[in-house]
Enquirer: 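Here you go, one structure.
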Amino acid sequence: MPYLFWPAQRSIKALKIARHPVDFLKRRRYASRLSLSDQRISKTDGFLRRPLHQIAGAEDVFEHCRGCISEWEARHPGPHDAIATHILADENSVTDLRNHSILQKFAQSPQILGIVSDYLGEVPIVSGVTIQITHPNKNAVGFQRFHIDREDRRQIKLFVAIEDVDEQSGPLHFLSAHQSEVLETNERHYAGRIDDEVVQRYAGREGLQVGTLNSGDGLFLDTCRCVHFGSRGNKKPRYFLVIQYPSRFAPVEPASICDRLKVDSRLANESSLTSLLYPA
Ligand SMILES: O=C(O)CCC(=O)C(=O)O
Ligand SMILES: [Fe+2]
């Protein structure tokens, strides 16, 4: 694995685990006990696409998101200079879920936590819950080009489509985790952006994965293992609820620990499992 900074990152992670050994073991134990739903994220793929309608309260969550989006769009008619807007975050990038406890409850759903914990081998934390709009644009810069997120060796971002995501709405494009790892090794890729032509060579016969989704579908994607981009040249807006599940011991300090995510503490302390999601 050629990622240049990984030895340093691994040391930081080991130190963090050493500071919280009981917590570490608890997260591993819970992960192995969490009842698995019908599907799992394969370690080879690093991604899973599935409808989320059957999760308790899902329809209300989608409706809530649509309400927030309509309200935001009425106040911000556009056109928009930014490529992406996280409409729940305030000017200091703080998201207060106490006004959106329905989203917090969804992020804590046992089915979702089961899938994510099974893949990560530990109960993660919730480091971000955002309603993300990406606006029509003609750009291919930054995260609109292929890259790997470098917070850790693994993490799951769950992208929930609030409206259909088709080819016109800047879908995510990605390689499986396995294909990405072959690329990293062969190309000695450390950090930064990767040209499309290079990625294409590793996409195999089936080609690149394209994250087109029906409204209500979720895409679980390990953005730290899978080479990906998105929001490139959207012809129309793309509407996602994005929930980020990193390890509690991620070398790069997750946003929730940095106090950029405020949560409803009653809901957070609903069970010994949910209280693991928001460490102090
Ligand atoms: O907007 C997109 O689809 C890309 C986002 C991305 O790179 C990320 O969330 O890690
Ligand atoms: Fe990314």
Side-chain angles (χ1 to χ4, degrees), residues 47 49 52 58 61-97 99-100 102-103 106-107 126-151 155-175 192-196 199 208-224 226-245 255 260-261:
F47 70 92
R49 199 187 317 229
L52 301 176
V61 169
F62 306 151
E63 212 38 58
H64 179 83
C65 292
R66 284 191 199 103
C68 295
I69 291 164
S70 320
E71 205 178 286
W72 187 88
E73 288 187 331
R75 278 188 287 119
H76 304 85
H80 303 283
D81 291 334
I83 294 162
T85 310
H86 301 273
I87 67 171
L88 301 182
D90 69 13
E91 60 284 359
N92 300 314
S93 305
V94 174
T95 299
D96 192 345
L97 291 183
N99 309 321
H100 303 276
I102 185 172
L103 301 184
F106 186 70
V126 172
S127 72
V129 177
T130 68
I131 297 176
Q132 185 207 58
I133 305 178
T134 66
H135 308 288
N137 69 80
K138 294 193 168 70
N139 306 333
V141 295
F143 60 80
Q144 298 168 309
R145 296 187 56 212
F146 278 111
H147 66 280
I148 301 175
D149 294 358
R150 290 303 194 186
E151 288 100 330
Q155 76 169 343
I156 290 294
K157 280 188 191 169
L158 171 58
F159 299 92
V160 184
I162 301 305
E163 302 292 346
D164 292 349
V165 174
D166 61 25
E167 294 281 359
Q168 308 278 298
S169 26
L172 280 143
H173 286 62
F174 53 96
L175 290 180
R193 312 296 163 185
I194 312 165
D195 289 336
D196 290 3
V199 176
L208 280 171
Q209 298 288 337
V210 181
T212 48
L213 299 163
N214 294 322
S215 144
D217 284 355
L219 171 65
F220 295 80
L221 180 64
D222 185 342
T223 58
C224 287
C226 299
V227 173
H228 64 279
F229 79 73
S231 306
R232 186 192 289 181
N234 309 19
K235 303 250 182 329
K236 57 189 189 193
R238 191 190 69 184
Y239 303 106
F240 271 153
L241 168 65
V242 186
I243 310 175
Q244 189 168 353
Y245 296 99
R260 274 188 274 135
L261 186 69

Enquirer: Counting N and O atoms only, with roles assigned by atom type, does the side chain of Asp90 sit under 3.5 Å from a partner on the main chain of Val94, one being a donor and the other an acceptor?
Expert: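 Pair found, side chain donor or acceptor close to backbone of Val94.
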
Enquirer: Quick one: CZ on Phe159 to CD on Gln244, what's the gap to the nearest 0.5 Å?
Expert: 8.5 Å

Enquirer: Taking Arg49 for the side chain and Thr212 for the main chain, is one N or O donor matched with an acceptor at less than 3.5 Å?
Expert: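 Side chain of Arg49 to backbone of Thr212: a pair is present.
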
Enquirer: Name all residues meeting the side chain to side chain contact (heavy atoms under 4.5 Å, CB included) criterion together with Thr95; count only those two or more places apart in sequence or in a different chain, and write none if there are none.
Expert: Leu88, Ala89, Leu97, Leu261

Enquirer: With sequence neighbours excluded, tell me which residues meet salt bridge (charged side-chain N to carboxylate O under 4.0 Å, His left out) with Asp81.
Expert: none

Enquirer: Hey, does Thr130 have a side-chain heavy atom less than 4.5 Å from the side chain of Leu241?
Expert: no

Enquirer: Which heavy atom of His228 sits nearest to which heavy atom of Thr223, and what is that distance?
Expert: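 What the structure gives for the nearest pair is CE1-O, 3.2 Å.
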
Enquirer: For residues 167-175, dump all side-chain donor-acceptor pairs below 3.5 Å to protein atoms at least two apart in sequence or in another chain.
Expert:
residue: Ser169; atom: OG; partner: Asp166; partner atom: N; Å: 2.8
residue: Ser169; atom: OG; partner: Asp166; partner atom: O; Å: 3.1
residue: Ser169; atom: OG; partner: Asp166; partner atom: OD1; Å: 3.1
residue: His173; atom: ND1; partner: Pro171; partner atom: O; Å: 3.0

Enquirer: Do Arg238 and Ser231 come close enough that some side-chain heavy atom pair is under 4.5 Å?
Expert: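 Yes, close enough: below the 4.5 Å cut-off.
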
Enquirer: Check the pair Val199 / Leu208 against side-chain contact (heavy atoms from CB on, under 4.5 Å), numbers first and verdict last.
Expert: CA-CA 8 Å; Val199 176; Leu208 280 171; 3.8 Å; yes

Enquirer: Do the side chains of His147 and Val227 get nearer than 4.5 Å, heavy atoms only?
Expert: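 No, their side chains stay 4.5 Å or more apart.
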
Enquirer: Please name the pair of heavy atoms, one in Ala84 and one in Thr134, separated by the smallest distance, quoted to 0.1 Å.
Expert: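 Between these two residues, the closest heavy atoms are CB-CG2, 3.8 Å.
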
Enquirer: Show me the donor-acceptor pairs within less than 3.5 Å that the side chains of residues 62-70 make with the rest of the protein, sequence neighbours left out.
Expert:
residue: Glu63; atom: OE1; partner: Arg66; partner atom: NH1; Å: 3.2
residue: His64; atom: NE2; partner: His100; partner atom: ND1; Å: 2.9
residue: Arg66; atom: NE; partner: Ile162; partner atom: O; Å: 3.4
residue: Arg66; atom: NE; partner: Glu163; partner atom: OE2; Å: 3.4
residue: Arg66; atom: NH2; partner: Ile162; partner atom: O; Å: 3.2
residue: Arg66; atom: NH2; partner: Ser215; partner atom: OG; Å: 3.4
residue: Ser70; atom: OG; partner: Arg66; partner atom: O; Å: 2.8

Enquirer: Go through Val61 and Leu103 one step at a time and tell me if the side-chain contact (heavy atoms from CB on, under 4.5 Å) criterion holds.
Expert: CA-CA 6 Å; Val61 169; Leu103 301 184; 3.8 Å; yes

Enquirer: Answer yes or no: is there a side-chain heavy-atom contact under 4.5 Å between Pro136 and Lys235?
Expert: no

Enquirer: So which of Leu213, Asp217, Asn214 actually passes side-chain contact (heavy atoms from CB on, under 4.5 Å) with Asp164?
Expert: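 When Leu213, Asp217, Asn214 are each tested with Asp164, the side-chain contact (heavy atoms from CB on, under 4.5 Å) holds only for Asn214.
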
Enquirer: Taking side chain as C-beta onward, heavy atoms only, is Trp72 less than 4.5 Å from Ile131?
Expert: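 Trp72 does not reach Ile131 side chain to side chain.
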
Enquirer: Does Lys236, at its NZ atom, have more than 12 non-hydrogen atoms belonging to other residues, nucleotides or ligands within less than 6.0 Å?
Expert: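 Yes, enclosed.
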
Enquirer: Rounded to the nearest 0.5 Å, what's the gap from CZ on Phe220 to CG on Leu52? Could you check?
Expert: 5.5 Å

Enquirer: Report the residues that fulfil salt bridge (charged side-chain N to carboxylate O under 4.0 Å, His left out) with Asp149, sequence neighbours left out, ordered by chain and then residue number.
Expert: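 If we apply the salt bridge (charged side-chain N to carboxylate O under 4.0 Å, His left out) test to Asp149, skipping adjacent residues, the hits are Lys157.
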
Enquirer: Is the closest side-chain heavy-atom distance between Val126 and Tyr245 below 4.5 Å?
Expert: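 They are in contact (side-chain heavy atoms under 4.5 Å apart), so the answer is yes.
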
Enquirer: Report the distance from atom NE2 of His135 to atom CD of Glu73, rounding to the nearest 0.5 Å.
Expert: 8.5 Å

Enquirer: Side-chain contact test, heavy atoms from C-beta onward, threshold under 4.5 Å: evaluate it for Phe143 versus Ile83 and give yes or no.
Expert: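 Side chain of Phe143 against side chain of Ile83, heavy atoms only: contact under 4.5 Å found.
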
Enquirer: Could you walk me through whether Arg260 and Asn92 pass the side-chain contact (heavy atoms from CB on, under 4.5 Å) check?
Expert: CA-CA 8 Å; Arg260 274 188 274 135; Asn92 300 314; over 6 Å; no

Enquirer: Just verifying a value: how many Å separate Ile194 CD1 and Phe146 CZ, rounded to the nearest 0.5 Å?
Expert: 8.0 Å

Enquirer: When you check the gap from the basic side-chain N to the acidic O, do Asp196 and Arg232 get nearer than 4.0 Å?
Expert: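 Salt bridge: yes.
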
Enquirer: Could you grab the distance from atom NE2 of His86 to atom CD1 of Ile133, nearest 0.5 Å is fine?
Expert: 10.5 Å

Enquirer: Does Asp96 have any salt bridge (charged side-chain N to carboxylate O under 4.0 Å, His left out) partners at least two apart in sequence or in another chain, and if so, which?
Expert: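 Salt bridge (charged side-chain N to carboxylate O under 4.0 Å, His left out) list for Asp96, sorted by chain: Arg98.
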
Enquirer: Between Asn137 (side chain only) and Asn139 (backbone N and O only), is there a donor and an acceptor less than 3.5 Å apart?
Expert: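 Pair found, side chain donor or acceptor close to backbone of Asn139.
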
Enquirer: For the side chain of Gln132 and the backbone of Phe240, is there at least one donor-acceptor N/O pair under 3.5 Å apart?
Expert: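 Answer holds: no.
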
Enquirer: Drop me the distance from Ser127's OG to Glu151's CD, to the nearest 0.5 angstrom.
Expert: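 That separation rounds to 7.5 Å.
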
